[in-house]
Each structure stands twice: as structure tokens, then as C-alpha cells.
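Accompanying notes for the structure given below.
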Amino acid sequence: METKEFEFKGFAMNGFVALFVEIALVALSTWGMVAFGNGQIGTPIPSVLGLLLACILPIGFRKLEPNEALVMLFFGKYKGTFTKTGFHWVNFLMTSKKVSLRARNLNPDNIKVNDKTGNPIMIGQILVWKLKDTYKAMFEIDSQTMAGGGSGTAPVTVSNRMKAFESFIKVQSDAALREVAGMYAYDENEAEADELTLRAGGKEINDVLLSKLNERLAMSGLEVLEARINYLAYSPEIAAVMLRRQQAAAIISAREKIVEGAVSMVRMALDKLKAEGVVELDEERKAAMVSNLMVVLCADESAQPVVNTGSLY
């Protein structure tokens with residue numbers, strides 16, 4: 001992603017040194033005014049100018065904590081981004097806009113969308129994002145108006161500015177999530193063979209979501225570090241029907257396993273009876289035995305045995 005941000009190269013000095021200069025200037029100017037009043041010096045102009053300068057200099061003090069930045073402007077022209085942590089003094093004619101570079105969580109409300117097959121589903125996501133390019137964030141999107149409540153003239157705090165960025169991400173993340181949800185079926189019952197689904201996709205789906213989000217946010221200077229789907233369910237109006245379908249599919253799958261096992265056991269029983277010469281069965285008797293064994297092995301309830309004490313012939 002191309003960046004338009006660059007480091008502030010203007011004059012900046014240690015804030016404590018500047019504070020010492022400020023105190024010294026006030027002391028000298030005050031002494032000059034007293035000396036003029038006592039007739040020790042002929043003009044008060046240097047002292048007046050010194051006091052005036054001492055009143056203006058504090059405007060240049062700036063304080064930054066770790067992972068904070070100042071966007072520096074000189075009469076509206078971008079002069080770079082100041083990121084040096086600590087207490088500093090810069091040209092008092094510079095204006096600055098503070099932003100936070102710390103990572104933040106975002107957990108938007110769940111939304112209702114249609115998956116690839118048209119089924120309405122409820123889906124939610126959780127994001128970790130941060131500010132990457134201060135120039136784009138401040139000047140490529142209208143964050144100032146959003147942070148000022150729409151008027152553009154109200155005082156803008158760091159908190160309001162970051163909330164404006166968060167609001168922009170919410171709208172874009174909603175659109176990206178809708179796009180990703182429409183690319184895949186909800187589960188394997190709706191998808192084609194070996195096709196990725198929302199339920200089974202896991203990391204692959206999250207990677208696609210992350211890519212789509214950062215594509216949309218590239219213009220804003222904001223970056224999503226992590227995105228994952230944290231809620232996925234059928235929409236309430238079809239949830240009951242889909243649950244019954246899932247239950248039916250599970251029953252069919254279980255029945256297939258039971259029948260497969262029963263056939264294997266019947267085959268083993270017939271082979272063992274024949275190999276050990278326990279009894280000789282004709283095809284009709286074999287069919288009857290297979291039928292009885294399948295009923296016993298595949299029935300949901302225990303079979304009631306009938307003891308036959310008569311002859312086979």
C-alpha cells in the first residue's frame with residue numbers, strides 16, 4: 001500500500017530546555033521592567049517584547065506518549081508526522097492534530113445476509129485495526145467533519161477523531177463481510193463437492209475477509225491486522241427448517257454406517273458357518289437368516305427372539 005506519510009523534519013527541541021529558556025526569558029523581562037521603573041535602563045521595549053514572546057512560546061510545547069503521533073501543519077500545508085515520544089517544543093506557528101497509533105478492537109453488530117445459495121444467514125465479525133498512514137487518514141477521508149459531529153467547526157479531540165475512523169471501518173467492514181458471505185455456501189449440504197464453506201472454511205475464510213477489508217481501507221490509511229468471523233447461524237425464519245434438515249442428514253449418515261456394518265457382520269456370519277461346517281443352508285434359508293440378522297442389527301429397538309426347537313428339514 002503506497003504511503004503519503006513522511007517524518008516531520010522541522011525544528012524541534014527538548015521541551016525541558018525550552019521550558020528553562022521560557023523561565024529565564026520571563027525573569028529577565030521582569031527584571032528589565034523593574035529596572036526601567038527604577039531608572040536603571042532607558043527603554044522598556046526589550047522587556048515588553050520579551051514578556052510578549054514569553055506569552056507566545058508555550059504554544060509550541062507538545063507531549064507525546066508511546067504510539068501517538070502529531071500531524072504537523074503550517075498554515076494548512078502538511079509538513080510531516082511527528083512521532084518522537086516525550087516532551088518537545090516546536091515552532092509555535094505550527095498547528096498539530098494528535099492521533100493514536102495503538103491497535104484497537106472492533107466488534108460490529110451481527111448482520112443478516114444471503115449466502116451463495118441465497119439462504120438468509122446471520123453473521124458477525126471481530127476486527128483488530130490500527131492507524132497506518134496518518135496523511136491518508138486525516139486528509140483522504142473526511143475524518144475532521146465526522147469527528148466534529150458534522151459541523152466541522154466544533155473542537156475535535158483525539159477520542160472523537162479515533163471514533164470517526166472507527167465509524168468509517170464499520171461501514172466498510174459491513175460491505176466486505178456481505179461480499180465474502182455471498183461468495184460461499186453456509187455449509188457442505190449446500191455446497192458442491194470439495195467447495196469451501198462458511199462453517200468449515202475457518203482460517204481460509206478469515207484470510208479472504210482480511211484481504212477484502214484491507215482492499216477497501218487502503219484509501220483511508222487504516223489497516224486491519226486481524227479479522228475473523230465470530231458468529232454464524234441461519235436466520236430465524238429458516239433456522240427451524242434447516243435444523244430438521246441437518247438432523248435428517250445426520251440420521252441418514254448414521255443409518256448408512258449401521259447398514260454397512262450389518263452387511264459386513266452378516267457376511268462374516270455366513271462365511272464362518274460355512275467354513276466350520278456348523279450347518280448347511282440352502283439359498284432360501286440363507287435369505288431368511290440374512291433378513292432376520294438385518295432386522296436385529298438395524299432395528300432401533302431390541303429384537304424379541306423366537307426359539308425354534310424343530311428341525312430345519
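Quick note: numbers below take in every heavy atom, side chains included, and nothing from hydrogens, waters or symmetry partners.
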* Donor-acceptor contact below 3.5 Å, side chain D115 vs main chain Y186 -> yes

* More than 12 heavy atoms from other groups under 6.0 Å of CZ on F6 -> yes

* Set of residues satisfying side-chain hydrogen bond (donor to acceptor under 3.5 Å, both in side chains) with respect to K212, sequence neighbours excluded -> E179

* **Side-chain donor or acceptor of N214 paired with backbone N/O of V224 under 3.5 Å** => yes

* Side-chain donor-acceptor pair under 3.5 Å between T81 and T134, yes or no? -> yes

* What's the verdict on side-chain contact (heavy atoms from CB on, under 4.5 Å) for Y78 and M72, showing C-alpha distance, side-chain angles and the deciding distance? -> CA-CA 6 Å; Y78 176 66; M72 307 301 293; over 6 Å; no

* Please answer whether the main-chain N or O of L127 pairs with a side-chain N or O of R104 as donor and acceptor at a distance below 3.5 Å. => no

* To do: Output yes when a side-chain donor or acceptor of N206 lies under 3.5 Å from a complementary backbone atom of I229, and no otherwise.
  => yes

* Asked: Do any N or O atoms from the side chain of S29 and from the backbone of V26 form a donor-acceptor pair under 3.5 angstrom?
  -> no

* To do: Applying side-chain contact (heavy atoms from CB on, under 4.5 Å), run through E140 and Y135 and close with a yes or a no.
  => CA-CA 7 Å; E140 295 289 342; Y135 179 91; 3.7 Å; yes

* Taking the side chain as C-beta and beyond, is there a heavy-atom pair between W31 and M33 under 4.5 Å? -> no

* Can you list every salt bridge (Lys or Arg N to Asp or Glu O under 4.0 Å) pair that touches residues 18-28, not counting sequence neighbours? -> none

* To do: State whether K136 and E5 are salt-bridged, where the test is any N-O pair (Lys NZ or Arg NE/NH1/NH2 against Asp/Glu carboxylate O) under 4.0 Å.
  => no

* Got I123 and Y231 here, is their nearest side-chain heavy-atom distance under 4.5 Å? -> no

* Angle class for the F87/F61 ring planes (parallel below 30°, perpendicular above 60°, tilted otherwise)? -> parallel

* **Worked check of side-chain contact (heavy atoms from CB on, under 4.5 Å) between W89 and N14** => CA-CA 6 Å; W89 186 89; N14 185 284; over 6 Å; no

* To do: Decide yes or no for R161 and M138: does some side-chain heavy atom of the first lie under 4.5 Å from some side-chain heavy atom of the second?
  => yes

